[in-house]
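The structure appears right after this line, and notes come after that.
Note that this is a predicted model, so its numbers are computed, not measured. As the structure lists them, so they are numbered: ligands from 1, and atoms in each ligand from 1.
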Amino acid sequence: MASKAPVHNIDESRLTVTKPKTKAVGIPAVVNSLKISLEQMGPLRSVQTLLAVNQVDGFDCMGCAWPEHEKRNAAEFCENGAKAVAEEGTRRRVTPEFFAKHSIEDLKTRDDYWLGQQGRLTHPMFLAEGATHYTPIEWDAAYELIAQEMKEMDHPGQAVFYTSGRTSNEAAFLYQLLVRGLGTNNLPDCSNMCHESTGSALVETIGIGKGSVSLLDLETASLIFVAGQNPGTNHPRMLSALEKAKKNGAVIISVNPLPEAGLLRFENPQTISGTLVGTQLTDDFLQIRAGGDQALFQGLGKYLLEAEAQGRKTLGLTAVLDHEFINNHTVGINEYLRHLEKVQWSEIVEATGLSLEQIKSTGERLLASNATIVCWAMGLTQHKHSVPTLRDVVNVLLLQGNIGKPGAGVCPVRGHSNVQGDRTMGIFEKMPAAFHDRLDQEFEFLSPRKHGYDTVAAIRAMRDGKVRVFIGMGGNFVRAAPDSEVTERALANTDLTVQISTKLNHSHVSTGRRALILPTLGRTEKDAQRTGDQRVTVEDSMSAVHASRGRIKPASEHLHSEVAIVCNLAHKLFTGSDNLPLPNTPKAAWLSMRDDYSLVRKHIEAVVDGFEDFEERIRHPGGFVLPHPPRDARQFDTASGKAHFTGNELEFIKVPEGRLVLQTLRSHDQYNTTIYGKDDRYRGIHGGRRVVLVNEADIAELGFRDGDMVHLISEFRGTERRADNFRIVSYSTPKGCAAAYYPETNVLVPLDSVADTSGTPTSKSVIVRLERAEA
Ligand SMILES: Nc1nc2c(c(=O)[nH]1)N[C@H]1C(S)=C(S)[C@@H](COP(=O)(O)OP(=O)(O)OC[C@H]3O[C@@H](n4cnc5c(=O)[nH]c(N)nc54)[C@H](O)[C@@H]3O)O[C@H]1N2
Ligand SMILES: Nc1nc2c(c(=O)[nH]1)N[C@H]1C(S)=C(S)[C@@H](COP(=O)(O)OP(=O)(O)OC[C@H]3O[C@@H](n4cnc5c(=O)[nH]c(N)nc54)[C@H](O)[C@@H]3O)O[C@H]1N2
Ligand SMILES: [Mo]
């Protein structure tokens, strides 16, 4: 049945639903990616770019942050990486003529898919106050405009500088220097909406917010949990690592409300046998209720303690618990035990929706493992109680000494390809004091110590009229952020919004009173500066830093690199003839750094730990791995110098009568707010995105039928938000738990509904009711 979209410009007329797949398959994936590449790039560019993806002298795939293997395949990319590359390498162009033809009002009614399909931005563009269309502007005039706007500010805290995770280390480092040079720490980033809960929980418990495993650990682990993650779509190359682990005898447990195809079974297109037989990846599928993971891990902790009391043993240990590790390397176990005692098995069963047997047999898996890894992504980080959930994951690993041991550890799987590196470079509204001290020393100035706004705080500040200038270094703020209508109004409340972007998106049409689009080079493109072609560096999910060099001709001769844009703007603000009257700015040779990125790397080396001989070490194929004290030496940079057990109250989501808890997630054909196509092949959704996946029994109880059209209404503290016209799809998901795609449903996520401690919007637990729509 066709579904009607809320706006005439959105085409959902070809929506069909088929049976979900039970495996991720190689051959159709390769065919699909080639089809998209050829459509967007044509044959020559396709071959040129795809062969350079993730190769030693090529560019880093911007599809995800999964690491590359030392021994690379000729085709070291996946279907979705190829789509990300094609999206950037496209031959389609958004030119000044395009903007002359399409008014802002027209563009506002288009969906994200249509906007993205228009191609690459080619010229700097300006939207004057009250204007209906963008018009071209010279680069220098654009910088001048930003400088003028900044001169009008009462204080530097009236500017906000967002970063999305594709930005290179070099650009990120310079960007934070510019921002701190202005005198603010207003550096919200996509991480605030992504793995911030991970950072909060890990820094507190193990002293560093990054994962503690390498690819080799993953391939040699004896037990791997993949919790709250859909790697078949979002990190397809991870499936090859899981396949290797499996061949080496690992047991894999998937914890997810949905039976995600890639996790169940995988047919590897890069091996001949893979395409013929495939690998059963998941041994146990725990179809957990949304937000039930804390209860699961508390249950596992309880199970281990009961087994210890019965005198049983973990494989390779003399007892269940690793007493040597606990005594020498941890504090706080008693507090943890006190909390566990209070938790009842009945609560654990209620919260998880799993049977006691399932939890106990998972406990047995832990006893039979001498090296356990827990991998996770957004299913664990985007709930109100995500930070305690992740603390409880760490607790279970600590009990058996599974940190800083081969084949064991924490494996948060990052999203954007350099989101981890951006944080290492100082993109954070509250960097530790030691970072500021070294930055100040290197650039002979005093950086501000007052914490800045994170993403949600920035939206509140804009809404409340406290911000005059918003600058976005990549990303699509208005669509990625929660509470779309509130965020849109918040941006409209500023004097100037500036988007440094490769492709057209809604943030270019949800603007402040005036707006600029500054078009930039993507990672696939040759970055020629005065001293020659430049390379940049990125850091993957496993802390490996390596170089990335674009090869193809830039989409337009008017594009500037992100590094050049930051340096030119900083020069204008700090050192140019008409600079801002600031008493205290970094002493930096902005224009020389723009011309030669190795000078930026010299500064990074001086400011950030672990970058000794930076320039030399990125010549080495594969780069180098940053230090990670827990992984390398079981050292913990916490207050006590040890890893911390924590005691956490059990929390879980109680869904009110007649309501559902809605998770907002990614389809197979999208990259965050960039929509490649309208299919979600593995889940059996084709030609449309306005669907809501609901458990069969819920559909009946709520008085609907599969295929009915509904409006989604979210309820939060007495307020309501709505997203219209979704087709109900009967789907395998626990009772009470529904799912729909992001960003169409961001309008439902309340700005004030955030995770405790980390402030991450609760995008995976929105309470909604369904209201019948006319068919
Ligand atoms: N192709 C592609 N690749 C991407 C991206 C993309 O959009 N497209 N985005 C990138 C980015 S920025 C990120 S952060 C990652 C995101 O990678 P993922 O985290 O895999 O992305 P989501 O689609 O949000 O999927 C969340 C998964 O968690 C499950 N889940 C939801 N709620 C719960 C829960 O309460 N408990 C458990 N155990 N599971 C739950 C969902 O069913 C789903 O399988 O991918 C990165 N890679
Ligand atoms: N409801 C809901 N909301 C979510 C999530 C969710 O699961 N549910 N997930 C959250 C997560 S995990 C994340 S990471 C955020 C993502 O938030 P963002 O990172 O802000 O969003 P993206 O869609 O990745 O940004 C895409 C835009 O980036 C620009 N771009 C692409 N490549 C480059 C480049 O090389 N340089 C520059 N300067 N620009 C470039 C293009 O113009 C493109 O339109 O969304 C969050 N929002
Ligand atoms: Mo993300």
Side-chain angles (χ1 to χ4, degrees), residues 62-66 78-81 83-84 87-88 112 115-116 120-121 162-168 171 189-195 226-236 254-258 260 263 286 288-293 296 376-383 386 389 413-417 419 455 472-482 484 499-508 518-524 562 565 653 661 663-674 676 733 737 739 741-749 760-761 763-766:
M62 50 290 198
C64 71
W66 190 253
C78 64
E79 175 193 2
N80 278 345
K83 288 192 234 164
E87 187 76 19
E88 184 176 299
D112 304 270
L115 291 180
R120 289 286 299 277
L121 296 159
Y162 176 68
T163 312
S164 164
R166 268 195 197 174
T167 295
S168 66
D189 71 342
C190 67
S191 212
N192 299 145
M193 301 181 267
C194 184
H195 266 291
V226 182
Q229 198 200 338
N230 178 23
T233 286
N234 297 314
H235 305 89
S254 304
V255 188
N256 203 307
L258 307 179
E260 304 285 29
L263 269 175
L286 303 181
I288 197 162
R289 297 193 49 216
D293 305 83
L296 171 65
W376 71 86
M378 298 304 99
L380 261 57
T381 62
Q382 297 176 333
H383 293 288
S386 281
T389 297
V413 182
R414 304 279 159 183
H416 266 302
S417 54
V419 63
T455 294
M473 175 56 88
N476 181 4
F477 191 82
V478 79
R479 294 297 275 163
S484 312
Q499 302 293 343
I500 301 166
S501 315
T502 52
K503 305 240 357 204
L504 187 64
N505 64 46
H506 271 281
S507 297
H508 302 121
L518 304 182
T520 191
L521 289 179
R523 206 176 280 167
T524 52
E562 292 179 343
I565 292 171
I653 304 162
V661 49
Q663 61 150 319
T664 61
L665 81 181
R666 292 154 175 80
S667 85
H668 194 64
D669 267 4
Q670 79 182 80
Y671 193 89
N672 299 336
T673 70
T674 300
Y676 305 135
T733 174
C737 303
Y741 301 128
Y742 133 75
E744 286 82 349
T745 47
N746 285 41
V747 65
L748 300 173
V749 184
T760 297
S763 307
K764 294 290 186 277
S765 39
V766 186

message = Measuring only between side-chain heavy atoms, which start at C-beta, is Arg479 closer than 4.5 Å to Asn505?
response = no
inquiry  = Is the shortest side-chain heavy-atom distance between Glu260 and Ser254 below 4.5 Å?
reply    = no
query = Quick one: which of Ser507, Ser501, Ser164 gives a side-chain hydrogen bond (donor to acceptor under 3.5 Å, both in side chains) with Asn476?
reply = Ser507
message = Quick one about Thr233 and His668 (side-chain donor to acceptor, distance below 3.5 Å, no hydrogens or angles considered), yes or no?
response = yes
remark   = Per the under 4.0 Å non-hydrogen criterion, ligand 1 touches Gly63, Cys64, Asn80, Cys194, Gly228, Gln229, Asn230, Thr233, Asn234, His235, Val255, Asn256, Pro257, Leu258, Glu260, Ile288, Ala290, Gly291, Asp293, Ala377, Met378, Gly379, Leu380, His383, Gly415, His416, Gln663, Leu665, Arg666, Gln670, Tyr671, Asn672, Lys764
query = Gln229 versus Asn234: any side-chain heavy-atom pair under 4.5 Å?
reply = no
note = Note: ligand 2 atoms sitting under 4.0 Å from heavy atoms of Gly474 are 37 (C), 38 (N), 39 (N)
Per-atom contacts, ligand 2 versus Glu562 - under 4.0 Å to a heavy atom = 34 (C), 36 (N), 37 (C), 38 (N)
query = Do Tyr741 and Leu665 come within less than 4.5 Å of each other through their side chains, counting heavy atoms only?
reply = yes
key: Ring geometry between Tyr676 and Tyr671 (parallel below 30°, tilted from 30 to 60°, perpendicular above 60°)   = tilted
query = So do the side chains of Pro231 and Leu263 get within less than 4.5 Å of each other, counting heavy atoms only?
reply = yes
key: Contact atoms of ligand 2, heavy-atom distance to Thr520 under 4.0 Å   = 36 (N), 37 (C), 38 (N)
ask   = Is His508 close to ligand 2, meaning an N/O of one under 3.5 Å from an N/O of the other?
value = no
query = Near Tyr162, which atoms of ligand 2 are under 4.0 Å from a heavy atom of that residue?
reply = 17 (O), 18 (P), 19 (O), 20 (O)
Numbered atoms and elements of ligand 2 in range of Asn505, under 4.0 angstrom, heavy atoms = 27 (C), 42 (O), 43 (C), 44 (O)
ask   = Can Arg166 and Thr502 be counted as having a side-chain donor-acceptor contact under 3.5 angstrom?
value = no
